[in-house]
J.: 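Quick one: the structure is below, and I'll ask about it shortly.
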Amino acid sequence: MKDINTTTVKQIYRQPQEYFNKRLTLAGWIRSNRDSKAFGFIELNDGSFFKNIQIVFEEEKLDNFKEVTKLGVGNAIIVDGILVETPNAKQPFEIKAESIQVEGYCPSEYPLQKKRHSFEFLRTIAHLRPRTNTFSAVFRVRSILAYAIHKFFQERDFVYVHTPIITGSDCEGAGEMFRVTTLDWNNLTRNDKGEIDFSDDFFGRETNLTVSGQLSAEAYAMAFRNVYTFGPTFRAENSNTPRHAAEFWMIEPEMAFADLYDDMALAEDMIKYIFSYVLEHAPEEMEFFNKFIDQGLLDRLNNVINSEFAHVTYTEAVELLKKNNDNFDYKVEWGTDLQTEHERYLTEHVYKKPVFVTDYPKEIKAFYMRLNDDGKTVAAMDLLVPGIGEIIGGSQREERLEILDQRIRELGMKEEDYWWYRDLRKYGGTRHAGFGLGFERAIMYLTGMSNIRDVIPFPRTPKSAEF
RNA sequence: UCCUCAGUAGCUCAAUGGCAGAGCACUCGGCUGUUAACCGAGGGGUUACUGGUUCGAGUCCAGUCUGGGGAGCCA
């Protein structure tokens with residue numbers, strides 16, 4: 001097959017003067033086709049760029065003019081033509097076609113139309129929705145954001161650690177897990193108590209998909225000092241909300257010789273860096289979101305980037321929120337977790353910018369968070385941002401083995417299940433801290449998309465794994 | 001898992017318990033610069049599924065399935 005030496009639409013938009021009045025070959029898909037008696041216009045998208053380019057075709061130039069007028073949305077074509085400036089038209093330039101060849105026909109029952117579709121409908125055709133404007137923008141931003149995250153950490157000499165996806169640890173403690181097994185469930189071996197015998201299983205023990213890479217990351221932080229994970233995470237919770245999926249990605253940095261303040265400084269730097277990076281590298285997409293998805297988007301993101309994040313302790317926050325208790329569905333009281341309505345009130349009305357809430361009661365936080373001197377609170381932090389509430393949760397970890405053991409016992413857990421995690425404290429353990437950022441939550445915040453199912457290519461949610 | 005709303009043409013939606021409709025899309029025709037092009041004509045339906053009430057059900061009732069939103073859980 002002959003190579004197609006094509007110019008991309010992105011190249012043309014970025015440096016049009018390089019291509020004016022030259023003959024180019026473009027390859028792409030028809031987004032719209034309007035024809036008159038002797039000429040017509042095709043909106044072509046070649047995948048390289050968010051925007052389309054207009055192709056003008058004329059009867060006297062094309063021997064297959066009649067065929068081209070019949071090509072509807074979705075047809076894949078190869079276009080030869082001259083790029084010309086169109087200073088008086090809506091678009092800055094267009095291609096005057098010399099030839100148009102069909103690469104792949106698209107019949108008229110193609111489900112995508114020129115007009116707007118509901119996101120609900122597009123979820124039922126998840127294999128075709130990347131061809132729409134919104135999803136083209138969402139998934140290009142997803143890619144750029146992933147790169148920005150790596151770039152941020154790599155520039156600061158953090159080591160990227162691939163923590164396991166299959167875990168033998170049943171004590172990650174963040175919700176229901178998916179079991180991984182090769183056992184034949186029609187023929188299970190059971191012991192005399194009727195329990196399944198996992199010694200016959202592939203790994204010789206019960207294994208699951210990971211719900212967090214944090215415990216493994218702590219081990220690597222004790223060797224490399226600053227590390228981060230960025231990978232898939234699985235939760236078998238029956239959560240039916242626009243913010244939860246069974247398979248999602250998380251970013252979890254972990255730093256040795258660092259306390260809660262170092263942790264918060266890192267989180268603030270990271271958020272500002274990755275948001276700025278996407279705004280700079282996907283301007284067309286971000287403008288589209290601001291116009292069609294969420295009209296306050298750019299103002300909100302710029303406010304995050306340009307403000308100094310606020311800090312408040314949980315105890316202080318509770319006092320602030322109590323003054324407004326009449327307006328909350330759930331009344332605030334010291335010792336209870338903050339609801340989304342409380343978080344949003346703090347960040348949107350009290351501070352009007354991102355705010356770290358720190359030092360939560362130990363009862364509502366995980367066992368590994370470092371106990372404060374008051375004996376009642378732990379060195380935890382949540383970053384709340386206007387628009388959604390919590391976007392990051394982190395903590396300084398408990399590095400003192402005797403106190404960690406005490407917490408493990410208080411919560412009815414078994415020390416031996418955490419033997420290697422406890423070793424990290426035994427052998428040269430240092431103060432250390434880290435946090436978790438839900439990758440999809442960050443994409444949602446950046447794009448204004450309100451459903452997590454619309455920022456994952458093929459989302460997995462309860463009762464849904466069609467693709 | 002709980003609460004709540006919805007399911008009618010390919011899509012987005014109408015239709016008081018009384019003949020199943022529109023716009024867009026699609027097919028055909030027209031139009032010499034369109035921009036969600038425009039103008040004319042045409043085809044297109046197991047009203048999610050099962051049962052019930054009724055002379056008569058898209059509409060009322062019960063159950064099931066699927067989807068949206070809220071809650072819980074959390075990222």
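Residue numbering restarts at 1 for every chain, and letters A, B, ... go by the order of the sequence lines.
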J.: On a whole-Å scale, what distance lies between the P atoms belonging to B:U59 and B:G43?
T.: 28 Å

J.: Classify the nucleic acid contact of A:Ile391 as base, sugar-phosphate or nothing, counting any heavy atom under 4.0 Å across all strands shown.
T.: sugar-phosphate

J.: Within the 4.0 Å heavy-atom criterion, would you say A:Tyr330 contacts the bases, only the backbone, or no part of the nucleic acid?
T.: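 Sugar-phosphate contact only.
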
J.: Return the 5'-most residue of the pair A:Phe121, A:His244 with respect to RNA chain B, ranking by each residue's nearest nucleotide.
T.: A:Phe121

J.: Regarding A:Ser118, tell me which of base, sugar-phosphate or nothing describes its non-hydrogen contacts under 4.0 Å with the strands shown.
T.: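 It contacts sugar-phosphate atoms only.
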
J.: In whole angstrom, give the distance that lies between atom CZ of A:Arg34 and atom P of B:A36.
T.: 7 Å

J.: Got a salt bridge between A:Glu284 and A:Arg14, using NZ or NE/NH1/NH2 to carboxylate O under 4.0 Å?
T.: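 A salt bridge links A:Glu284 with A:Arg14.
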
J.: Say you pick atom C1' in B:G23 and the same atom in B:C19; how far apart are they, in whole Å?
T.: 22 Å

J.: What's the closest nucleotide to the A:Phe39 side chain, out of B:U35, B:U32, B:G23?
T.: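 It is B:U32.
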
J.: Please report the distance separating the C1' of B:A14 from the corresponding atom of B:G7, rounded so that it comes out in whole Å.
T.: 15 Å

J.: If we count only N and O atoms by modelled type, under 3.5 Å, do the side chains of A:Thr313 and A:Asp359 hold a donor and an acceptor together?
T.: no

J.: Would one find more than 12 heavy atoms of other residues, nucleotides or ligands at under 6.0 Å from atom CD of A:Gln91?
T.: yes

J.: Nearest whole angstrom, please: distance from the P of B:G72 to the CD of A:Glu176.
T.: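 The answer, rounded to whole Å, is 18 Å.
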
J.: Spell out yes or no: do the side chain of A:Ser239 and the base of B:C74 have one donor N/O and one acceptor N/O closer than 3.5 Å?
T.: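 A donor-acceptor contact between them is absent.
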
J.: Looking at B:G51, which nucleotide sits across from it as a Watson-Crick or G-U wobble partner, both distances under 3.5 angstrom, or is there none?
T.: B:C61

J.: Tell me whether the count of non-hydrogen atoms from other residues, nucleotides or ligands lying under 6.0 Å of OH in A:Tyr13 goes above 12.
T.: yes

J.: Scan every strand shown for a Watson-Crick or G-U wobble partner of B:U12, both distances under 3.5 Å, and answer none if you come up empty.
T.: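 B:U12 is paired with B:A22.
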
J.: Can you measure A:Ile125 atom CD1 to B:C11 atom P for me and round it to whole angstrom units?
T.: 9 Å

J.: B:G68 phosphate, OP1 or OP2: any side-chain N/O from A:Arg123 under 4.0 angstrom?
T.: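 Yes, such a contact exists.
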
J.: Expressed in whole Å, how much space separates the P atoms belonging to B:A9 and B:A20?
T.: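 After rounding to an integer number of Å, I get 15 Å for this pair.
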
J.: How long is the line joining NZ of A:Lys114 and P of B:C26, in whole Å?
T.: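 These atoms are roughly 7 Å apart.
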
J.: In whole angstrom, give me the gap between the C1' atoms of B:C65 and B:A48.
T.: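 Each nucleotide's C1' atom is 8 Å from the other's.
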
J.: What's the closest nucleotide to the A:Arg235 side chain, out of B:C74, B:U35, B:U66?
T.: B:C74

J.: Just how far, in rounded Å, is C1' of B:A25 from CG of A:Leu128?
T.: 16 Å

J.: For B:U35, which nucleotide is its Watson-Crick or G-U wobble mate, given both distances must be under 3.5 Å?
T.: none

J.: Would you say the side chain of A:Gln91 and the base of B:U34 hold a donor-acceptor pair, judged only by whether the two atoms sit under 3.5 Å apart?
T.: yes

J.: May I ask you to verify whether the side chain of A:Glu120 and the base of B:G69 hold a donor-acceptor pair under 3.5 Å?
T.: no

J.: Taking a pair as Watson-Crick or G-U wobble with both distances under 3.5 Å, which nucleotide is matched to B:G72?
T.: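 Paired with B:G72, as far as the under-3.5 Å criterion goes, is no nucleotide at all.
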
J.: Under 4.0 Å between a side-chain N/O of A:Arg116 and OP1 or OP2 of B:C13, yes or no?
T.: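 So the side chain of A:Arg116 is outside the cut-off, no N or O lying under 4.0 Å from OP1 or OP2 of B:C13.
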
J.: Between A:Arg129 and A:Pro457 (side chain of the first, backbone of the second, donor and acceptor by atom type, cut-off under 3.5 Å), is there such a pair?
T.: yes

J.: Do any of residues 338-358 of chain A sit with a heavy atom less than 4.0 Å from RNA chain B, and if so which?
T.: A:Gln339

J.: Using the ring centroid of each side chain, check whether A:His342 and A:Tyr330 are separated by less than 6.0 Å.
T.: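 Not under 6.0 Å, so no.
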
J.: Map A:Pro462 and A:Ala246 onto RNA chain B by nearest heavy atom, then report which one ends up closer to the 5' terminus.
T.: A:Pro462

J.: With the side chain of A:Lys70 defined as its heavy atoms from C-beta on, choose the nearest nucleotide among B:A37, B:U35, B:G29.
T.: B:G29

J.: Which nucleotide in the list B:U34, B:G68, B:C31 gets nearest to the side chain of A:Asp35?
T.: B:C31

J.: Looking at B:U34, B:G23, B:U1, which one has an atom nearest to any side-chain atom of A:Glu94?
T.: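 The answer is B:U34.
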
J.: Please classify the nucleic acid contact of A:Glu58 as base, sugar-phosphate, or nothing, using heavy-atom distances under 4.0 Å.
T.: nothing

J.: Which nucleotide sits closest to the side chain of A:Lys115: B:G33, B:G70, B:C11?
T.: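 Nearest nucleotide to the side chain: B:C11.
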
J.: Taking the ring of A:Phe439 and the ring of A:Phe230, is the distance between their centroids below 6.0 Å?
T.: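 Yes, ring centres under 6.0 Å apart.
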
J.: Counting only N and O atoms by type, is there a donor-acceptor contact under 3.5 Å from the side chain of A:Glu98 to the main-chain atoms of A:Gly81?
T.: no

J.: Which part of the nucleic acid, if any, lies within contact of A:Ser32, taking any heavy atom under 4.0 Å across all strands shown: a base, the sugar-phosphate backbone alone, or nothing?
T.: sugar-phosphate

J.: Nearest whole Å is fine: how far is B:C11 C1' from A:Arg131 CZ?
T.: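 Atom-to-atom, A:Arg131 to B:C11, this comes out as 17 Å.
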
J.: For A:His117 and B:C11, what is the distance between atoms NE2 and P respectively, to the nearest whole Å?
T.: 9 Å

J.: Measuring only the P atom in each nucleotide, how far is B:G58 from B:U8? A whole number of Å is fine.
T.: 14 Å

J.: Of the nucleotides B:U66, B:C73, B:G69, which one has an atom closest to the side chain of A:Glu237?
T.: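 So the side chain of A:Glu237 is nearest to B:C73.
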
J.: Distance between the C1' atoms of B:G33 and B:C38, in whole angstroms?
T.: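 13 Å, rounded to whole Å.
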
J.: In the strands shown, is B:U66 matched to any nucleotide by a Watson-Crick or G-U wobble pair with both distances under 3.5 Å, and which?
T.: B:A6

J.: Can you tell me whether the side chain of A:Asn240 and the base of B:U1 have a donor-acceptor pair closer than 3.5 Å?
T.: yes

J.: Just the rounded figure in Å: distance from C1' of B:G68 to CZ of A:Arg453.
T.: 8 Å

J.: Assess whether side-chain hydrogen bond (donor to acceptor under 3.5 Å, both in side chains) is satisfied between A:Trp334 and A:Thr315, documenting all intermediate values.
T.: CA-CA 7 Å; A:Trp334 199 96; A:Thr315 303; 3.0 Å; yes

J.: Among A:His432, A:Arg370, A:Met369, which one satisfies side chain to side chain contact (heavy atoms under 4.5 Å, CB included) with A:Glu398?
T.: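 Result for side chain to side chain contact (heavy atoms under 4.5 Å, CB included) with A:Glu398: A:Arg370.
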
J.: I'd like to know if A:Lys376 and A:Glu363 make a salt bridge, using a cut-off of under 4.0 Å between side-chain N and carboxylate O.
T.: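 Salt bridge absent between A:Lys376 and A:Glu363.
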
J.: State whether A:Asn451 places a side-chain N or O below 4.0 Å from either non-bridging phosphate oxygen (OP1 or OP2) of B:G69.
T.: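 Checking A:Asn451 against B:G69: at least one side-chain N or O falls below 4.0 Å of OP1 or OP2.
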
J.: For B:U1 and B:C61, measure between their C1' atoms and round to the nearest Å.
T.: 26 Å

